[in-house]
Amino acid sequence: MSRIKKIPVILDGDPGHDDAIAWVLASTVEDFDIKAITTVAGNQTLEKVTYNARRIASLLKLDIEVAKGRNRPICSDLIIAPNFHGETGLDGPKLPEPDRELSKLSAIEMMAKVLQESDEKVTIISTGAQTNTAALLLAHPELKEKIGTISTMGGGLRNGNWTAGAEFNILVDPEAAYTVCHSGVDLQMCGLDVTEQAIVYPEDWERIRALNNPVAKVVAEWFDFFFIHMKSLGWKGCCTHDPCAVMSLIHPEIFDIREYYVDVELSGHYCRGATVADYTGRSGNKPNCRCVVGLDREKFVDVLVEACAKYEGWEV
Ligand code: BDR
Ligand code: CA
């Protein structure tokens with residue numbers, strides 16, 4: 001009798017409303033065996049996003065360790081995003097307090113341990129700056145073979161959102177993104193090309209609120225908060241960035257995915273942190289990345305609603 005093996009997963013991020021929603025989704029995926037949560041400075045300081053990660057783990061009853069990662073990018077000064085995510089990095093609904101101790105291991109030690117102990121290749125879902133993943137690759141090149149895929153939310157082949165050329169997660173730590181990009185590991189990138197199409201409108205998150213379970217109610221309130229700033233920028237809904245890095249793995253059929261050679265701009269006055277794709281193949285470089293560039297928005301929303309429905313009967 002054959003046994004279906006689960007995919008070991010590490011969730012690495014800087015929660016953040018959309019990171020949190022990505023983790024709500026990831027926790028419902030039966031094929032995933034979530035081995036660890038690791039945090040990285042980005043949307044807010046490391047202390048704040050780590051506290052948020054522990055509160056999310058508590059809300060989702062994830063019996064796994066949360067390990068604190070890098071508190072600053074490899075070369076740059078830290079940029080944070082309180083305009084989107086508030087002073088706590090996860091403003092909005094009240095969350096349960098952490099119910100587990102923080103891991104004594106650093107994120108890099110935790111990632112290395114998960115890889116060393118795993119018989120299966122491990123998927124890393126990176127929804128913040130790629131600082132931890134880059135540090136892991138630099139410290140443990142021997143473990144590269146144990147990584148199945150690195151699925152990232154970051155970049156944008158056509159435009160940025162923090163500067164004209166750069167998306168926030170890549171701009172925070174371009175050297176980290178460059179290291180990951182050139183690692184030779186299987187890469188899937190959900191940049192702004194897809195995430196700015198992954199718009200969840202108020203009527204969509206009212207469907208989530210109407211599910212009336214404790215997790216769905218929190219998700220709806222995260223959208224309420226996230227929308228405050230998005231609306232001020234002229235958006236009619238929320239660009240639901242980070243869940244794309246999860247959903248494009250489990251439902252590739254919903255997404256338009258292309259293979260390109262991608263590089264990260266490290267210098268340049270206007271374009272530091274920009275992700276550049278060779279659409280024509282004229283550089284002669286082989287594709288190094290599956291770039292997710294489009295999606296069926298309605299199906300995306302349906303999957304999100306179905307995931308939130310799985311928390312029926314949840315007690316917080
Ligand atoms: C990315 O930046 C962060 O603010 C979000 O959490 C997301 O990962 C979008 O540019
Ligand atoms: Ca994020």
Side-chain angles (χ1 to χ4, degrees), residues 11 13-29 42-43 52 56 59-60 81 83-86 89-93 125-128 151-156 159-162 167-170 188-211 215-257 291-311:
L11 301 175
D14 58 344
H17 296 76
D18 52 337
D19 302 77
I21 297 167
W23 295 357
V24 166
L25 171 64
S27 305
T28 66
V29 179
N43 281 328
N52 294 341
I56 297 164
L59 172 75
L60 301 180
N83 45 348
F84 277 91
H85 301 279
L90 193 55
D91 278 13
I125 302 179
S126 159
T127 54
S151 179
T152 64
M153 188 284 133
N159 59 278
N161 62 357
W162 219 257
E167 179 277 333
F168 180 75
N169 288 339
I170 308 293
Q188 184 150 305
M189 163 184 161
C190 289
L192 299 170
D193 317 283
V194 62
T195 70
E196 290 191 340
Q197 297 177 55
I199 301 173
V200 175
Y201 294 107
E203 59 267 32
D204 300 320
W205 73 79
E206 287 313 323
R207 281 175 65 195
I208 294 177
R209 200 187 321 270
L211 294 167
V215 175
K217 282 197 261 182
V218 165
V219 169
E221 288 178 44
W222 281 333
F223 275 117
D224 289 337
F225 185 87
F226 203 35
F227 190 43
I228 297 171
H229 189 63
M230 297 245 46
K231 197 175 173 181
S232 76
L233 298 175
W235 292 90
K236 302 275 184 259
C238 293
C239 297
T240 307
H241 306 284
D242 292 340
C244 292
V246 177
M247 210 189 289
S248 61
L249 292 174
I250 56 172
H251 284 294
E253 75 284 358
I254 294 179
F255 294 85
D256 180 357
I257 304 178
C291 302
V292 185
V293 296
L295 87 169
D296 181 328
R297 194 203 73 87
E298 289 186 358
K299 289 196 178 136
F300 174 84
V301 170
D302 286 345
V303 172
L304 219 47
V305 175
E306 281 158 25
C308 292
K310 292 189 181 159
Y311 292 92

Glu203 atom CD, neighbour heavy-atom count above 12 within 6.0 Å:
yes
Residues in ring-ring contact (aromatic ring centres under 6.0 Å, His included) contact with Trp235, at least two apart in sequence or another chain:
none
With Asp302, which of His251, Arg207, Arg297 fulfils side chain to side chain donor-acceptor pair (under 3.5 Å)?
Arg207
Which atom names give the shortest non-hydrogen contact between Ile170 and Gly154, and what distance separates them?
CG1-C, 3.8 Å
Do Val292 and Met189 come close enough that some side-chain heavy atom pair is under 4.5 Å?
no
Decide yes or no for Asn169 and Asp14: does some side-chain heavy atom of the first lie under 4.5 Å from some side-chain heavy atom of the second?
yes
Determine the minimum heavy-atom distance between Gly156 and Asp193, stating which atoms define it.
CA-OD2, 3.5 Å
From Glu306 atom CD to Leu211 atom CG, the distance as rounded to the nearest 0.5 Å
10.5 Å
Partners of Trp205 by ring-ring contact (aromatic ring centres under 6.0 Å, His included), sequence neighbours excluded?
Phe223, Phe227
Indicate yes or no: at least one non-hydrogen side-chain atom of Met153 is less than 4.5 angstrom from one of Asp18.
no
How far does CD of Glu167 sit from CG of Asn159, to the nearest 0.5 angstrom?
10.0 Å
In the structure I gave you, are the side-chain heavy atoms of Met247 and Phe255 within less than 4.5 Å of one another anywhere?
yes
Reported CG-to-OG1 distance for the pair Leu295 and Thr240, which is rounded to 0.5 angstrom:
10.0 Å
What distance do His241 atom NE2 and Phe226 atom CZ have between them, rounded to the nearest 0.5 Å?
5.0 Å
Pairwise side-chain contact, Phe168 with Asn43, heavy-atom cut-off 4.5 Å (strictly under):
yes
Note: Leu90 and Pro15 closest approach over all heavy atoms is CB-O, 4.5 Å
Under the rule for side chain to side chain donor-acceptor pair (under 3.5 Å), what residues qualify as partners of Asn52, not counting sequence neighbours?
Arg55
Between atom CE of Met230 and atom CD1 of Ile228, what is the distance when rounded to the nearest 0.5 Å?
12.5 Å
Could you tell me the separation between the CG atom of Asp256 and the OG atom of Ser248, rounded to the nearest 0.5 Å?
12.0 Å
Just say parallel, tilted or perpendicular for the rings of Phe84 and Trp162, cut-offs at 30° and 60°.
tilted
Trp23 and Ile125, any side-chain heavy atoms less than 4.5 Å apart
no
All heavy atoms of Asp91 vs all of Gly86, minimum pair found to be OD2-CA, 3.4 Å
Derivation of the side chain to side chain contact (heavy atoms under 4.5 Å, CB included) call for Val305 and Asp204:
CA-CA 8 Å; Val305 175; Asp204 300 320; 5.9 Å; no
Closest approach of Leu249 to Pro252 (non-hydrogen atoms, all atoms of both residues):
O-CD, 3.6 Å
Closest non-hydrogen atom pair between Ala216 and Cys308, with its separation
CB-CB, 4.1 Å
Pairwise side-chain contact, Leu304 with Ile21, heavy-atom cut-off 4.5 Å (strictly under):
yes
Can you find a heavy atom in the side chain of Val200 that is under 4.5 Å from one in the side chain of Phe300?
yes
